[in-house]
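Quick notes on the structure that follows.
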Amino acid sequence: MGSWALVVPHEEVDRLDGTHVFGAPHPRLDAHVLSYTAQDFRQHERRTWRIAPLGVITLAIDFETPIRRLECGTVLPFSSVAGLRDRPMVIEESPGHSRGISIGLTPLGAYSLLGLPLKEIANTNVGLTELLGVRGRVLTEELAETRGWAARFRLLDERFTEWLSDGRALDAPVLGAWRHLENTGGRMRIDRLADQIGWTRQHLNLRFREQIGLGLKTAGRVARLRHAAVLMTGALSLAEIAAVTGYADQAHLNRDFRALTGCTPTEYRRK
């Protein structure tokens, strides 16, 4: 499972660990774009990456990349979009040079930018140009020709500001439900939320799944997982974390964590 990324403002961008550079999108994009992560390194041996569901749609723009295969053997496309997930994604990466940028999008940002119901890309990876067409190809070329990661991040700010200004918007009740999940760490009563919105529980869940990509209950599990994973970087015991994040007990935390990430909380803490 990947570590949690540090985010820094553009003016502080630097090679923080020799292989990755982290940048914060412009504040005007806060509701749509979460992060920029650039990588530039050469991998000399085959490696396996286990990526947990984090409630983020990831847009990967590759300048150079080794061959990447999913656990099932499917080769990932050059530059791709990964939708929301309710299960771990295991990627086997061959030796080679990896250079490019990964962009973390909120469901609001992805829905607006891609212009399609996010259920169509849930639990899958789709080629960037298949979704963005000429815009995706031209953006990749512009970024590759731009010198310096800070300048590339500013270019992304400009393009996303332009493209998102006339993009589609999530239904207000769907967006409100997503934000409630995020703000409460997944601790919510779906029937109570539906009553507040004025929709039936079934209708809310149907529209939420179509536009976001996951059902309300599953999205809540992912939000709770992320909250628990953040707390695991501190000193709280697993039993205390289970209580704080709304699991019935530590055994419940262990089961849900393994189901969503492929490892136990204890194994995660060792990484």
- Query: Mind checking whether Val244 and Leu260 sit in one hydrophobic cluster, side chains of I, L, V, M, F, W, Y counted as touching below 4.5 Å?
  - Reply: yes

- Do any pairs count as a side-chain hydrogen bond (donor to acceptor under 3.5 Å, both in side chains) and have a residue in residues 191-205, sequence neighbours left out, and if so which ones? Arg189-Asp191

- Message: I'd like to know if the side chain of Ser79 and the backbone of Asp62 have a donor-acceptor N/O pair within less than 3.5 Å.
- Response: yes

- Do any N or O atoms from the side chain of Thr124 and from the backbone of Ile121 form a donor-acceptor pair under 3.5 angstrom? no

- Message: Just to verify, which of Gln39, His97, Arg152 counts as forming a side-chain contact (heavy atoms from CB on, under 4.5 Å) with Phe63?
- Response: Arg152

- Passing candidate, salt bridge (Lys or Arg N to Asp or Glu O under 4.0 Å) with Glu93, options Arg68, Arg42, Arg46: Arg68

- Task: List in chain and number order the residues that pass side-chain contact (heavy atoms from CB on, under 4.5 Å) with Ala169, two or more places apart in sequence or in another chain; answer none if no residue qualifies.
- Result: none

- Item | Under 3.5 Å: donor-acceptor pair, side chain of Arg85, backbone of Pro53 | no

- Query: Which word best sums up how the rings of Tyr247 and His252 line up, parallel for under 30°, tilted for 30 to 60°, or perpendicular for over 60°?
  - Reply: perpendicular

- Task: Using the ring of Trp49 (Phe, Tyr or Trp, six-membered ring only), decide whether Arg47 places NZ or CZ under 6.0 Å from its centre and within 45 degrees of its axis.
- Result: yes

- In one Ile/Leu/Val/Met/Phe/Trp/Tyr side-chain cluster, 4.5 Å: Leu206, Ile190: no

- Message: Tell me whether Arg99 contacts the main-chain N or O of Glu64 through its side chain, where contact means a donor paired with an acceptor under 3.5 Å.
- Response: no

- Message: Can a donor-acceptor pair be found, under 3.5 Å and without considering hydrogens, that links the side chain of Ser112 to the backbone of Gly109?
- Response: no

- Query: Among pairs that include at least one residue of residues 121-140, which meet salt bridge (Lys or Arg N to Asp or Glu O under 4.0 Å), considering only residues two or more places apart or in two chains?
  - Reply: Arg137-Glu141

- Task: Could you tell me whether the side chain of Thr245 and the main chain of Arg224 form a donor-acceptor pair under 3.5 Å?
- Result: no

- Salt bridge flag under 4.0 Å for residues Asp256 and Arg221: yes

- Message: Between Gln211 and Asp171 (side chain of the first, backbone of the second, donor and acceptor by atom type, cut-off under 3.5 Å), is there such a pair?
- Response: yes

